[in-house]
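All remarks here apply to the structure that follows.
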2 protein chains.
Amino acid sequence: MNNKLKELRTALKMTQADLATTLEVSRQTINAIEKGKFDPSLPLAFKFSRLFKLPIEEIFDDEEN
Amino acid sequence: MNNKLKELRTALKMTQADLATTLEVSRQTINAIEKGKFDPSLPLAFKFSRLFKLPIEEIFDDEEN
DNA sequence: ACTAAAAGTTAAGTAAACTTTACATTTTAA
DNA sequence: TTAAAATGTAAAGTTTACTTAACTTTTAGT
């Protein structure tokens, strides 16, 4: 699944570690999701959504659309 | 996490088994998610969203908002 | 060029999503 | 009211999301 996390994160001038702390996950989790190694859980997707003030659908792109 | 799956599903006159087949998951998975036993993965949430033609946020309610 | 911070990656483990099988209970309809 | 369909539930297994720890590579600032 594609996502805009890196763009959104850098727009806020946050490091991966910053994001990890804010969202209460590990830095490796942020890195892996940004790099598309796996998808976030739905609750974590909601956390991204709230932080970036964007609907989940605008952050994550489920290609089979 | 709260959700409106049962209402949405019955509005379409589908059984849990119907939904399961359509979304390519097991009937037990549909049942468990409807009953709030666990949250769907993000890809499965997207499938619900497409089927019901509603944003993920209107189907699932992440209470800590 | 050097250094430090940030990002990337890997391994080994835990937790949660999801599977299959099986059976019990509830709902629906003839 | 009884039979079939639908729903609920549980156990045991697999897969995927996530953790910690450790190390390497890349990026940015002086």
Side-chain angles (χ1 to χ4, degrees):
Chain A
M1 176 142 25
N2 287 6
N3 68 72
K4 298 179 182 162
L5 290 182
K6 188 171 183 181
E7 303 89 291
L8 293 169
R9 174 177 62 79
T10 56
L12 294 190
K13 302 200 174 163
M14 294 177 85
T15 66
Q16 292 182 348
D18 289 340
L19 238 192
T21 302
T22 301
L23 303 188
E24 299 176 294
V25 293
S26 69
R27 183 182 62 84
Q28 288 81 345
T29 290
I30 298 296
N31 185 272
I33 296 171
E34 271 192 11
K35 302 224 78 190
K37 297 209 177 151
F38 53 74
D39 300 320
S41 66
L42 186 56
L44 182 50
F46 268 99
K47 285 187 174 188
F48 283 119
S49 176
R50 286 193 294 271
L51 178 63
F52 296 125
K53 300 188 197 306
L54 287 174
I56 290 173
E57 288 85 349
E58 285 191 37
I59 303 175
F60 299 95
D61 178 29
D62 194 33
E63 36 262 349
E64 56 212 296
N65 253 313
Chain B
M1 178 146 17
N2 286 6
N3 67 74
K4 298 181 182 161
L5 289 183
K6 189 172 181 181
E7 304 88 292
L8 294 168
R9 173 177 62 78
T10 56
L12 293 190
K13 303 203 173 160
M14 293 178 86
T15 66
Q16 290 183 349
D18 288 340
L19 238 192
T21 301
T22 302
L23 303 187
E24 300 175 294
V25 293
S26 70
R27 182 182 64 82
Q28 287 80 347
T29 290
I30 297 295
N31 185 271
I33 295 171
E34 271 193 12
K35 305 223 76 195
K37 298 207 177 153
F38 53 74
D39 300 319
S41 65
L42 186 56
L44 182 49
F46 268 100
K47 284 187 174 188
F48 284 119
S49 176
R50 286 192 293 269
L51 177 63
F52 296 126
K53 302 190 197 301
L54 286 175
I56 290 173
E57 287 85 349
E58 285 191 35
I59 303 176
F60 300 95
D61 178 29
D62 194 32
E63 35 263 349
E64 57 212 298
N65 253 313

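Model, not experiment: these values are computed from the prediction. Throughout, a chain's letter reflects where its sequence line sits, starting with A, and its residues are numbered from 1.
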Problem - All side chain to side chain donor-acceptor pair (under 3.5 Å) counterparts of B/T21, not counting sequence neighbours - result: none

Exercise for the section: Please work out which residues in residues 1-22 of chain A have a non-hydrogen atom less than 4.0 Å from an atom of DNA chain D and list them by number. Expected result: none

Problem - Any B/N31 side-chain nitrogen or oxygen under 4.0 Å from OP1 or OP2 of D/dT7 - result: no

Problem - Non-hydrogen atoms of B/I59 and B/S49 that approach each other most closely - result: CD1-CA, 3.6 Å

Fill in the blank from the handout: Which of A/D18, A/T22, A/L44, A/L19 passes side chain to side chain contact (heavy atoms under 4.5 Å, CB included) with A/I30? Answer is A/L19

Practice task
Take nucleotides 11-27 of chain D nucleotide by nucleotide from the 5' end and write B, S or -, depending on whether a protein heavy atom sits under 4.0 Å from the base, only from the sugar-phosphate, or from neither.
Solution key: ------SBBBBB-----

What distance separates [X] [atom1] from [Y] [atom2], expressed to the nearest 0.5 Å?
X     : Y     : atom1 : atom2 : answer
B/Q16 : B/R27 : CD    : CZ    : 6.5 Å
A/T10 : A/K4  : OG1   : NZ    : 13.0 Å
B/E24 : B/T29 : CD    : OG1   : 13.0 Å
B/K53 : B/L8  : NZ    : CG    : 13.0 Å
A/E34 : A/E7  : CD    : CD    : 8.5 Å

Handout entry: First and last nucleotide of DNA chain C, 5' to 3', lying under 4.0 Å from heavy atoms of chain A
Key = C/dA6 to C/dT10

Handout entry: Side chains of B/L42 and B/I56 in contact at under 4.5 Å (non-hydrogen atoms)
Key = yes

Handout entry: From CA spacing to verdict: side-chain contact (heavy atoms from CB on, under 4.5 Å), A/V25, A/K47
Key = CA-CA 11 Å; A/V25 293; A/K47 285 187 174 188; 5.5 Å; no

Fill in the blank from the handout: A/F48 meets the ring pair (Phe, Tyr, Trp, His ring centres under 6.0 Å) criterion, sequence neighbours left out, with A/F60

Exercise for the section: Starting from the first five and the last five pairs of the helix from C/dA1-D/dT30 to C/dA30-D/dT1, work out the angle between the resulting helix axes, to 10 degrees. Expected result: 60°

Practice task
Just do the side-chain contact (heavy atoms from CB on, under 4.5 Å) check on A/E57 and B/E57 with the steps written out, would you?
Solution key: CA-CA 9 Å; A/E57 288 85 349; B/E57 287 85 349; 3.0 Å; yes

